[in-house]
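We count residues from 1, following the sequence as given.
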Amino acid sequence: MDWHIAVALLISGTLVGIINTLAGGGSIITMTMFMAFGLPINIANGTNRVAVLMQNLASSLTFIRKKSFDLKHGLLLSVPVIAGNIIGAIVASDIDQLIFKICFGVILLVIMVYLLIDHKLKPKEGHRVEIKPLHYFLFFLIGFYGGYIYIGLGYLILTVALWLMRMDMVVANAIKGFVILLATPFSLAVFMIMGNVDYTFGIVHGVGNMIGSFIASHYMANWGKNFIKIFMAAIVAICFADLMGWLSLHDFFYALLSIKE
């Protein structure tokens, strides 16, 4: 790997780590970077799991040390996500771009609606969370989506955690990272068996992810809820604009790296 590629992966990985820890959708940048450097979409999809695993390990260790969430709740919600993750990864050999755009577009719109009306939804105080059978089913579907595509997975978890389970913003982000941490090794194993993982790209980018997630999770409490909401809204707007074709993150990174298709 050339040094300029390694530097680009480290810098982009740090940005992705911050974005994914505070909100989600950063894997769009990851996938774009990987494909810009020549990885096919199926290998980029599998390699992304290496960075995701490293990133959420860093953020979860910080959240656990700060006691930002109830570990029991994270473990219970991880079970259906793991089951769905395995099934989703198995059927991920062919990614339907139309289905992806529809799913991701709906996720972005739901999150934006939440950000606009959440002042009317009072989150439960502290770590008090009530897990119902419906929540287990929804987290299973989330796990399937995560195993299949992953991009936007954080938004799906936040949608259920914030809107339906009324979790506090910080608690929801902490549980999101912990659940993804426990589920990702299973989908990664499937991609590894299929030979769809580039370990060098994944590890280098993952180091950047860990740096970014540590920064975001360590200082999140100091930044406060309003900052997180503004940050989430900005990322959602950028992702939605990219999805609608109003701007292209793909073209932006190609131009930035001076790489022609």
Item to check | Same cluster (ILVMFWY, side-chain, under 4.5 Å), I203 and F37 | outcome: yes
Next on the checklist: Given 3.5 Å as the limit, does a donor-acceptor pair link the side chain of N173 with the main chain of L158, or not?
Outcome noted: no
Item to check | Residues D198 and T47: side-chain donor-acceptor under 3.5 angstrom | outcome: no
Next on the checklist: Go through it in stages, so that I can follow the logic: the residues are L53 and L188, the test is side-chain contact (heavy atoms from CB on, under 4.5 Å), and I'd like the CA-CA distance, side-chain angles, deciding distance and then a yes or no.
Outcome noted: CA-CA 9 Å; L53 182 61; L188 175 60; 4.1 Å; yes
Checklist entry - Nearest heavy-atom pair of P80 and F139: which atoms, and what distance? => result CG-CB, 3.9 Å
Checklist entry - Which distance, rounded to the nearest 0.5 Å, do you find between the CZ of R65 and the OG of S60? => result 11.5 Å
Checklist entry - Quick check: does any side chain N or O of S213 sit under 3.5 Å from a backbone N or O of M210, one acting as donor and the other as acceptor? => result yes
Checklist entry - Roughly how far apart are L162 CG and R166 CZ, rounded to 0.5 Å? => result 10.5 Å
Checklist entry - Quick one: OG1 on T14 to CZ on F214, what's the gap to the nearest 0.5 Å? => result 12.5 Å
Item to check | In one Ile/Leu/Val/Met/Phe/Trp/Tyr side-chain cluster, 4.5 Å: I157, L75 | outcome: yes
Item to check | Set of ring pair (Phe, Tyr, Trp, His ring centres under 6.0 Å) partners for F178, sequence neighbours left out | outcome: F69
Checklist outcome for this item: On a heavy-atom basis, the closest approach of A8 and M33 is O-CE, 3.7 Å
Next on the checklist: For a side-chain contact (heavy atoms from CB on, under 4.5 Å) check, start with the C-alpha distance between V197 and R49, then their side-chain angles and the critical distance, and finish with the verdict.
Outcome noted: CA-CA 9 Å; V197 177; R49 315 304 167 111; over 6 Å; no
Checklist entry - Has the side chain of N56 got a donor or acceptor atom that lies under 3.5 Å from a matching backbone atom of V52? => result yes
Checklist outcome for this item: Y145 and L153 have their tightest heavy-atom pair at CE2-N, 4.1 Å
Checklist entry - Do V50 and H205 have side-chain heavy atoms sitting under 4.5 Å apart? => result no
Item to check | Which atom of S187 lies closest to which atom of G147, heavy atoms considered | outcome: CB-CA, 4.2 Å
Checklist entry - Can you tell me how far CG of N85 sits from CD1 of I82, rounded to the nearest 0.5 angstrom? => result 8.0 Å
Checklist entry - Stepwise, does the side-chain contact (heavy atoms from CB on, under 4.5 Å) test hold for I142 with V160? => result CA-CA 10 Å; I142 288 171; V160 176; 3.8 Å; yes
Checklist entry - With a 4.5 Å limit on heavy-atom distance, are the side chains of F34 and L9 in contact? => result yes
Item to check | Worked check of side-chain contact (heavy atoms from CB on, under 4.5 Å) between M165 and H135 | outcome: CA-CA 8 Å; M165 302 179 74; H135 300 150; 3.6 Å; yes
Next on the checklist: Could you report the tightest heavy-atom contact between M194 and A89, atom names first, then the distance?
Outcome noted: CE-O, 4.0 Å
Checklist entry - Considering all heavy atoms of both residues, which atom of G202 and which atom of M54 are nearest to each other, and what is their separation? => result O-SD, 4.2 Å
Checklist entry - So how far is it from D70 CG to L77 CG, rounded to the nearest 0.5 Å? => result 10.5 Å
Checklist entry - Between F144 and I86, is any pair of side-chain heavy atoms under 4.5 Å apart? => result no
Checklist outcome for this item: Rounded to the nearest 0.5 Å, the CG atom of L57 sits from the CD1 atom of I180 at a distance of 13.5 Å
Checklist entry - Are V79 and F137 connected in the hydrophobic side-chain network, where two residues link if heavy atoms are under 4.5 Å apart? => result no
Checklist entry - Would you say the side chain of V81 lies within less than 4.5 Å of the side chain of L182, judging by non-hydrogen atoms? => result no
